[in-house]
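Below: one structure, written as structure tokens.
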Amino acid sequence: MTNDSATARGHGKLIVFGEHSVVYQRTAVACSLAGGVRANLSTMGSPSFHLQTINGALEVDERVRQAADRLFSTFQLDPKQLTIDVQVDIPLGVGLGSSAAMATAMAKAAADLKGLEGAAQRAAVDKAVSASEAVFHGTPSGIDQRAARGEGFFAFRSNGEGPRFQPLDVPSNTWLVARVAPASSTARMVQSVRRLRDGHPRLIEGLLDEFGAVADAGAEALADGDWPRVGELMNINQGLLSALGVSTEVLERACYAARDAGALGAKLTGAGGGGCIVALPDADNVEDVKQALEPLGDVYRHDLPGQSDNQR
Ligand code: PMV
């Protein structure tokens with residue numbers, strides 16, 4: 001051990017195209033959020049584990065403890081011997097990548113405690129975050145983990161040879177995220193898609209190909225700053241997600257409320273079954289779309305890519 005204490009950050013993420021299909025090796029597009037998680041670790045104080053959220057302190061539940069155990073064991077550290085302070089400044093468990101952000105913050109801090117640097121640090125952090133994410137996600141695609149590094153917009157595709165990451169240079173724009181329903185379990189939603197695919201392999205594989213085509217076209221439209229096209233593709237993506245059974249009446253209603261108020265596009269973001277939608281307003285109707293969504297839940301404005309999105 002070379003440091004007594006360490007602090008590190010992990011970023012949340014917004015998936016714009018391709019959640020779920022990314023689990024089946026199709027392209028997805030996401031952007032890191034400026035917000036996320038800060039973790040402070042110390043070997044000096046009395047051992048404890050505190051989790052502070054935007055809504056106050058949160059009890060560290062069994063799943064978080066299990067994820068932390070797995071994460072720290074990859075560094076040969078025992079969390080019961082550490083003072084762990086975690087501060088989360090994005091909503092938890094609603095598809096904004098809080099679990100990967102938390103794991104990344106803790107893993108980077110743990111790597112720091114161990115004095116790891118450069119490529120050795122990145123490899124150790126990746127391994128630790130994967131171990132932790134398996135607890136929350138079952139079979140994570142790795143997109144949240146990649147976004148947690150804080151790298152702006154990117155296209156992502158995992159295949160047999162590991163993830164392919166392509167940074168996207170996207171003009172800055174305002175995006176609205178509305179949290180309109182309680183969180184659902186990502187692992188459960190991913191499993192429900194797997195069941196559907198097992199039952200209708202040819203049909204769902206065909207749908208997954210369409211998801212991939214939408215995300216590939218979406219990456220291009222984003223890089224071109226062709227916002228009307230981005231919006232249309234988001235709406236198509238939402239239709240596909242609905243076909244996979246991961247949308248809900250509440251999420252659909254929120255998408256229509258945003259579109260009726262003039263949004264160019266709206267879709268659920270994350271695992272679905274609850275949680276958040278993302279809407280892309282036009283430059284002159286940001287307030288209208290925001291106001292249309294406000295009765296349905298908390299609305300967050302993100303100017304993406306944010307300045308701090310490129311922090312590493
Ligand atoms: O856990 P969430 O809600 O941020 O969603 C993760 C995205 C999925 O594609 C549904 C799962 C994955 O591992 O990529």
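Numbering of ligands and ligand atoms starts at 1, following listing order. Heavy-atom basis, side chains included; hydrogens, waters and symmetry copies ignored.
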Inset, instruction - Please work out which of Thr186, Val23, Val190, Ile143 has its closest non-hydrogen atom nearest to atom 2 (P) of ligand 1. - result: Thr186
Inset, instruction - Could you tell me whether Ala271 and ligand 1 have an N or O pair separated by under 3.5 Å? - result: yes
Inset, instruction - Output the list of atoms in ligand 1 that are nearer than 4.0 Å to some heavy atom of Val22, sorted by atom number. - result: 9 (O), 14 (O)
Inset, instruction - Using atom types as modelled and distance alone, determine if a side-chain donor or acceptor of Ser73 lies under 3.5 Å from a backbone N or O of Gln76. - result: no
Legend entry - Ring centre gap for Phe154 and Phe165 strictly below 6.0 Å: yes
Inset, instruction - Identify which one of Arg259, Lys267, Glu252 satisfies the side-chain hydrogen bond (donor to acceptor under 3.5 Å, both in side chains) criterion when paired with Gln238. - result: Glu252
Legend entry - Residue among Asp144, Ile143, Asn237 satisfying side-chain contact (heavy atoms from CB on, under 4.5 Å) with Glu19: Asn237
Inset, instruction - Pull out every atom of ligand 1 sitting under 4.0 Å from any heavy atom of Gly95, numbered as shown with elements. - result: 2 (P), 3 (O), 4 (O)
Legend entry - Gly270 neighbourhood, listing ligand 1 atoms whose heavy-atom distance to it stays under 4.0 Å: 3 (O), 5 (O)
Legend entry - Point-to-point distance, once rounded to the nearest 0.5 Å, from CG of Leu41 to OG1 of Thr83: 9.0 Å
Legend entry - Proximity flag Met189 to ligand 1, non-hydrogen atoms under 4.0 Å: no
Legend entry - NE2 on His20 to CG on Leu241, rounded to 0.5 Å: 7.0 Å
Inset, instruction - Starting from atom 6 (C) of ligand 1, find the nearest protein heavy-atom neighbour and note its residue, name and distance. - result: His137 CE1, 3.8 Å
Legend entry - Closest approach of any protein heavy atom to atom 8 (C) of ligand 1, naming residue and atom: His20 N, 4.0 Å
Legend entry - pair Leu280-Val230: side-chain heavy atoms closer than 4.5 Å: yes
Inset, instruction - Pull out every atom of ligand 1 sitting under 4.0 Å from any heavy atom of Glu19, numbered as shown with elements. - result: 9 (O)
Inset, instruction - Considering heavy atoms of the protein only, find what lies nearest to atom 4 (O) of ligand 1 and give residue, atom and distance to 0.1 Å. - result: Lys13 NZ, 2.5 Å
Inset, instruction - Assess Ile15 for proximity to ligand 1: is some non-hydrogen atom of it under 4.0 Å away? - result: yes
Legend entry - Which segment of Asp144 sits under 4.0 Å of ligand 1 when only heavy atoms are counted: side chain
Inset, instruction - Decide yes or no for Val29 and Leu222: does some side-chain heavy atom of the first lie under 4.5 Å from some side-chain heavy atom of the second? - result: yes
Legend entry - For atom 12 (C) of ligand 1, the protein heavy atom that lies nearest, with its residue and separation: Ser141 OG, 3.3 Å
Legend entry - Validation row: Leu92, Leu58 side chains within 4.5 angstrom (heavy atoms): yes
